[in-house]
Protein chains: 2
Amino acid sequence: MSKNILIIEDDQSIAELERDYLEIEGFEVEMASEGKSGLEAVVHHHYDLILLDLMLPNINGFDLCKQIRERTNIPILMVTAKYEDIDKVRGLGLGADDYIVKPFSPSELVARVKAHLARYERLIHNDSPKTEITVRGLQLNTSSRQVFMNGKEIPFTTKEFDLLTFFATHPNQVFSKEHLFERIWGFDSIGDNATVTVHVKKIRKKIEKDTDNPQYIQTVWGSGYRFNK
Amino acid sequence: MSKNILIIEDDQSIAELERDYLEIEGFEVEMASEGKSGLEAVVHHHYDLILLDLMLPNINGFDLCKQIRERTNIPILMVTAKYEDIDKVRGLGLGADDYIVKPFSPSELVARVKAHLARYERLIHNDSPKTEITVRGLQLNTSSRQVFMNGKEIPFTTKEFDLLTFFATHPNQVFSKEHLFERIWGFDSIGDNATVTVHVKKIRKKIEKDTDNPQYIQTVWGSGYRFNK
DNA sequence: AAATAAATTATAAAGTTTTTATAAACTAAT
DNA sequence: ATTAGTTTATAAAAACTTTATAATTTATTT
């Protein structure tokens, strides 16, 4: 579903320019030409982002920004005429998320809008970032440190989990036992690569249907192991 | 409790300058001089904001930013040498939250740090001002600081309550004892993680039916504890 | 091409180390 | 003086490493 953006800007031609840039990118755009109708729109409709010009009739941009912020947490991008204003405005703590100086390029506007939409989305919806890896029924959750096979949890020990996670995050690559040992056990670790073999065996026992015909971690004779994605 | 900031910066003198500015404002500051140790710190400790310099040995700032973003949503402020870099970098979609150009004034740095901390706080907490958390009969009220099991109140001490609340607000995530100690007892606390173990035991005794088969706080051998939702 | 040797990996199990649980003594705070 | 919190010692559990041996695969020799 496309995102809704509200442009609050008194200069009709600039507003239309901004609208065009954003509509090309597939955003739904609405416009308000002064603070009062802008605030009205914010209260009665849902937007994903607001583009706010500082110079406005009626309420000025400062107050408006504050008032919007009291009602919603969505990103507010302030459009200002002078670069020097930015830190002055920032210092006021109005709650704007970013500042764009006129004149700006279409790509700059679009890039900033997209960046803020993405961040807001990220913060609101997934509090914990990419933590899941799924490969043919095998599911790894790196933050809960759990392994599931077709939805059913399989208990894993620390080293087993770290090793499998390393494999799953580096699929279709052969790693020697020496390399794996260094990566999982640590550079300065003393010890024998044999423990890698043993751990691979244990992991296979837990996730492979047929241990003699492994689908996930395959042996590459003389070279090491490869996790197939 | 004061906010923790991680500075990742290879130039020692700049790092110290930044640290001083921030410590004056009451922030707890840690420093890492290159990407590897920076990422290490991010993985093993909790920070509220990261100040990241682009020019670093080992991994460069771009990769590092991405890698940090894969692990956490906290604000990342990028410090860059050239103003022209900003939009280039922004275009890469690394997930940084703001860009500061060197040389910057102390007040600018502090203002931006504060602004981002405030926004992050607003977005994360404002959106869920849940004072009540309920998980399978276990009910926590963070404003009255009471714990109920199936409606019946169970007396909790301060630390026990803080620890359980932290778990309940961060479910399905493994936390090491070190991490828990930092979060609940405070960054600069001197002491032993052993007290975490003891507190977990005490909490279990109060909320678990079968202490040997905990349903809420589970032991993840070699990694820490996880609260299951 | 078959047989043998060498190298590599698989497997099982014993031994060792690490980690956590528990109880109890101690310390600090109210 | 009582309660909460921390530290310490010990027990118990789990995980990890090593070792020995078996089974494969590859290389070499006849």
Side-chain angles (χ1 to χ4, degrees), chain A residues 145-147 154-167 174-186 188-227, chain B residues 44 145-147 154-167 174-186 188-208 210-227:
Chain A
R145 296 184 68 91
Q146 287 172 303
V147 179
I154 303 171
F156 263 67
T157 69
T158 309
K159 283 273 147 61
E160 287 166 8
F161 186 85
D162 289 344
L163 185 54
L164 182 56
T165 302
F166 178 80
F167 273 125
V174 177
F175 295 101
S176 70
K177 280 180 287 204
E178 290 76 17
H179 190 129
L180 293 167
F181 187 71
E182 275 187 7
R183 288 296 288 264
I184 311 301
W185 275 259
D188 47 351
S189 286
I190 44 158
D192 200 334
N193 304 324
T195 195
V196 177
T197 315
V198 175
H199 276 86
V200 167
K201 176 185 160 49
K202 287 178 178 167
I203 293 173
R204 281 178 175 159
K205 201 170 181 181
K206 292 183 178 182
I207 65 172
E208 296 286 359
K209 268 227 168 88
D210 177 8
T211 334
D212 296 328
N213 253 37
Q215 299 302 301
Y216 294 101
I217 301 176
Q218 292 191 334
T219 302
V220 182
W221 262 83
S223 303
Y225 298 99
R226 178 186 56 227
F227 183 90
Chain B
H44 293 295
R145 296 185 69 90
Q146 285 175 304
V147 179
I154 303 170
F156 263 67
T157 69
T158 310
K159 281 272 147 53
E160 286 166 8
F161 186 84
D162 289 344
L163 184 54
L164 183 56
T165 302
F166 177 80
F167 272 125
V174 175
F175 294 100
S176 70
K177 280 180 289 207
E178 289 76 16
H179 191 126
L180 293 167
F181 187 70
E182 277 185 8
R183 288 297 288 264
I184 311 301
W185 276 259
D188 49 352
S189 286
I190 44 157
D192 200 335
N193 304 322
T195 195
V196 177
T197 315
V198 175
H199 276 86
V200 167
K201 177 184 160 49
K202 286 177 178 169
I203 294 173
R204 280 178 175 159
K205 203 170 180 180
K206 292 184 178 183
I207 65 171
E208 296 286 358
D210 176 8
T211 337
D212 296 328
N213 253 38
Q215 300 303 301
Y216 295 101
I217 301 176
Q218 291 193 335
T219 302
V220 182
W221 263 84
S223 301
Y225 297 99
R226 179 184 57 226
F227 184 90

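Chain letters run A, B, ... following the sequence lines, proteins first and then strands; every chain starts at 1. In what follows, every heavy atom counts, from backbone to side chain, and hydrogens, waters and symmetry copies are set aside.
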Exercise for the section: Would you indicate what Thr157(A) reaches in the nucleic acid, counting non-hydrogen atoms under 4.0 angstrom: base, sugar-phosphate, or nothing? Expected result: sugar-phosphate

Exercise for the section: Please state whether the phosphate of dT20(C), meaning OP1 or OP2, lies under 4.0 angstrom from any side-chain nitrogen or oxygen of Lys177(B). Expected result: yes

Exercise for the section: Find the distance between NZ (Lys202(B)) and OG1 (Thr157(B)) and round it off to the nearest 0.5 Å. Expected result: 7.0 Å

Exercise for the section: Scan Val200(B) against the nucleic acid and name what it touches under 4.0 Å (heavy atoms): base, sugar-phosphate only, or nothing. Expected result: nothing

Practice task
For Gly224(B) and for Gly222(A), locate the closest nucleotide of DNA chain C by heavy-atom distance; then report the residue assigned to the nucleotide nearer the 5' terminus.
Solution key: Gly222(A)

Handout entry: Rounded distance (nearest 0.5 Å) linking atom OG1 of Thr195(A) with atom CG of Leu163(A)
Key = 9.5 Å

Practice task
Give one of base, sugar-phosphate or nothing for Thr219(B), where a contact means two heavy atoms less than 4.0 Å apart.
Solution key: sugar-phosphate

Fill in the blank from the handout: Outer limits of DNA chain D sitting under 4.0 Å from a non-hydrogen atom of chain B, read 5' to 3', are dA4(D) to dA15(D)

Completion exercise
The residue among Tyr225(B), Phe181(B), Phe166(B) that forms ring pair (Phe, Tyr, Trp, His ring centres under 6.0 Å) with Phe175(B) is Phe166(B)

Completion exercise
With five pairs defining each end axis, the helix from dA1(C)-dT30(D) to dT30(C)-dA1(D) comes out bent, to 10°, by 30°

Handout entry: Trp185(B) side, atom CH2; Asn193(B) side, atom CG - distance, nearest 0.5 Å
Key = 9.5 Å

Handout entry: Test: Asp162(B) and Arg145(B) ion pair at under 4.0 Å
Key = yes

Practice task
Quickly work out the Glu178(A) CD to dT9(C) P distance and round it to whole Å.
Solution key: 9 Å

Exercise for the section: Take atom NZ of Lys205(A) and atom P of dA12(C), then tell me their distance rounded to the nearest Å. Expected result: 6 Å

Practice task
Any chance you could measure Arg204(A), atom CZ, to Asn213(A), atom CG, to the nearest 0.5 Å?
Solution key: 10.5 Å

Practice task
Flag the pair Leu164(A) / Ile207(A) as yes when at least one side-chain heavy-atom distance between them is below 4.5 Å, and no otherwise.
Solution key: yes

Practice task
Report yes if a side-chain nitrogen or oxygen of Tyr225(A) is closer than 4.0 Å to either non-bridging phosphate oxygen (OP1 or OP2) of dA10(C); otherwise report no.
Solution key: yes

Problem - Separation of atom CG in Asp192(B) from atom C1' in dT27(C), rounded to whole Å - result: 15 Å

Problem - side-chain contact (heavy atoms from CB on, under 4.5 Å) partner of Ile203(A), chosen from Glu208(A), Lys159(A), Glu160(A) - result: Glu160(A)

Practice task
Starting at OG of Ser176(B), measure out to CD of Glu182(B) and round the result to the nearest 0.5 Å.
Solution key: 7.5 Å

Practice task
Mind checking Asn193(A) for me? I need base, sugar-phosphate or nothing, with any heavy atom below 4.0 Å counting as a touch.
Solution key: nothing

Handout entry: Lys159(A) NZ to dT19(C) C1', straight-line distance once rounded to whole Å
Key = 12 Å

Practice task
Please figure out whether Phe181(A) or Trp221(A) has its closest DNA chain D nucleotide nearer the 5' end.
Solution key: Phe181(A)

